2 protein chains.
Amino acid sequence: MAAEPSDRLGFLLSFRGELTGARIRTALGVAGLHPRNAMTLMQLAPGAMSQRDLAAVLEVDPSQLVAILNELEGSGLAERRRDPADRRRHIVEITEAGEAALERVDSAVSEAERELFANLTSEEQDVLRRLLDRVVVERGDHDCSE
Amino acid sequence: MAAEPSDRLGFLLSFRGELTGARIRTALGVAGLHPRNAMTLMQLAPGAMSQRDLAAVLEVDPSQLVAILNELEGSGLAERRRDPADRRRHIVEITEAGEAALERVDSAVSEAERELFANLTSEEQDVLRRLLDRVVVERGDHDCSE
DNA sequence: TATTGTTATACTCTATAACTATA
DNA sequence: TATAGTTATAGAGTATAACAATA
């Protein structure tokens with residue numbers, strides 16, 4: 001369902017955003033990472049955090065994060081260790097291999113952005129950024145129903 | 001996975017687009033239509049067309065369109081009839097009830113856009129539209145892999 | 001009793017192949 | 001043999017509830 005059915009700005013933003021996301025996911029795949037795993041690594045880059053906090057910032061259910069971390073740990077890109085202060089908690093940390101993977105991700109996403117915004121000057125890209133920042137996107141329960 | 005993990009323009013466009021799409025899907029739901037059914041009705045508004053052509057413009061597999069049309073026909077918003085010139089074909093047409101539903105959709109989407117772009121003047125909305133139109137979004141096989 | 005992480009289950013979406021009826 | 005529509009099936013993604021270990 002990717003047809004743009006009208007000239008509405010809302011549809012335009014939604015569909016261009018979707019295609020942009022698809023292009024970026026392709027770039028992440030080229031870098032060897034499943035999109036959700038790449039997003040998780042990005043959140044871990046600044047520093048280690050608990051599994052629960054990680055689920056919160058990623059806005060995924062803790063049960064989904066289990067599978068993500070199993071994959072990241074399986075490929076040696078992140079590690080879980082018990083928090084000695086509270087043995088229920090896992091501290092999650094990116095590994096050196098994970099940092100290297102993130103550098104590949106960074107290059108691939110930069111290349112994708114060069115393609116996506118090739119027709120825009122850097123000034124126009126700044127304008128686009130500022131306008132997008134002012135679109136009202138209240139977080140909350142926004143899902144569909146029939 | 002809705003966290004915005006960096007200040008990259010690509011991510012910004014992707015995430016704002018996703019949230020905009022969610023807001024619009026909510027509006028369609030308020031108007032009483034599943035998003036894909038609403039999109040299908042919109043394509044039918046200008047005039048009847050064959051089921052195959054409809055699948056093509058919607059960019060969905062013909063087998064998926066079967067369920068959509070079953071629902072639309074079940075709620076009396078669209079109708080299938082055999083093409084007398086080629087009895088394999090179905091001509092799909094929107095009904096009067098379907099047109100009325102589209103008017104509700106139109107109002108709901110307009111209200112959603114008023115909210116989304118409340119912080120932008122109409123000149124700024126024009127600028128945003130023109131910039132989005134120049135983002136390179138080559139259609140093709142852009143999916144993820146691990 | 002509450003919290004952290006885990007497992008199990010189910011439900012939606014989507015992709016694919018096989019089937020029918022017509023050409 | 002090819003085409004239009006349909007059905008059936010399987011896979012990915014996601015949401016929810018129940019569970020074990022620890023506080």
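All chains are named by letter (A, B, ...) in the order of the sequence lines, taking the proteins before the strands, and each is independently numbered beginning at 1. What you are looking at is a predicted structure, and each value in this text was computed from that prediction instead of being measured.
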Roughly, in whole Å, what's the span from CD in B/Glu59 to C1' in C/dA15? 16 Å
Grab the CG-C1' distance between A/Leu65 and D/dT14 for me, whole Å please. 14 Å
What pairs with A/Arg114 under salt bridge (Lys or Arg N to Asp or Glu O under 4.0 Å), at least two apart in sequence or on another chain? A/Glu111
Could you check how far CZ of A/Arg36 sits from C1' of D/dA15, rounded to whole Å? 14 Å
What is the distance, rounded to the nearest whole Å, between atom CD1 of B/Ile68 and atom C1' of C/dA15? 14 Å
My understanding is that only residues two or more places apart in sequence, or in another chain, count here; which of them pass side-chain hydrogen bond (donor to acceptor under 3.5 Å, both in side chains) with B/Arg87? none
Would you kindly give the CG-to-P distance between B/Asp53 and D/dG5, to the nearest whole Å? 8 Å
Specify the separation, in whole Å, of atom CG of B/Leu58 and atom C1' of D/dG5. 16 Å
Those residues at least two apart in sequence (or on a different chain) that pass salt bridge (Lys or Arg N to Asp or Glu O under 4.0 Å) with B/Arg52 are none
Distance in angstrom units between A/Gln51 CD and C/dT3 P, rounded: 17 Å
Produce the list of close N/O pairs, under 3.5 Å, pairing protein atoms with atoms of nucleotides 16-23 of chain D; give distances to one decimal.
unit_1, atom_1, unit_2, atom_2, d
D/dT16, O4, A/Ser63, OG, 2.9
D/dA23, OP1, A/Arg87, N, 2.9

Below 4.0 Å: OP1/OP2 of D/dA12 and any side-chain N or O of A/His34: no
Salt bridge (Lys or Arg N to Asp or Glu O under 4.0 Å) partners for B/Asp133, two or more places apart: A/Arg16
B/Arg52 side-chain proximity, nearest of D/dA4, D/dT6, C/dT7: D/dA4
Calculate the interatomic distance between A/Asn70 atom CG and C/dA8 atom P; express it in whole Å. 12 Å
Salt bridge (Lys or Arg N to Asp or Glu O under 4.0 Å) involving B/Arg8 - partner list, sequence neighbours excluded: A/Asp106, A/Glu113
Picking from A/Val66, A/Asp83, A/Ile91, what satisfies side chain to side chain contact (heavy atoms under 4.5 Å, CB included) with A/Gln51? A/Val66
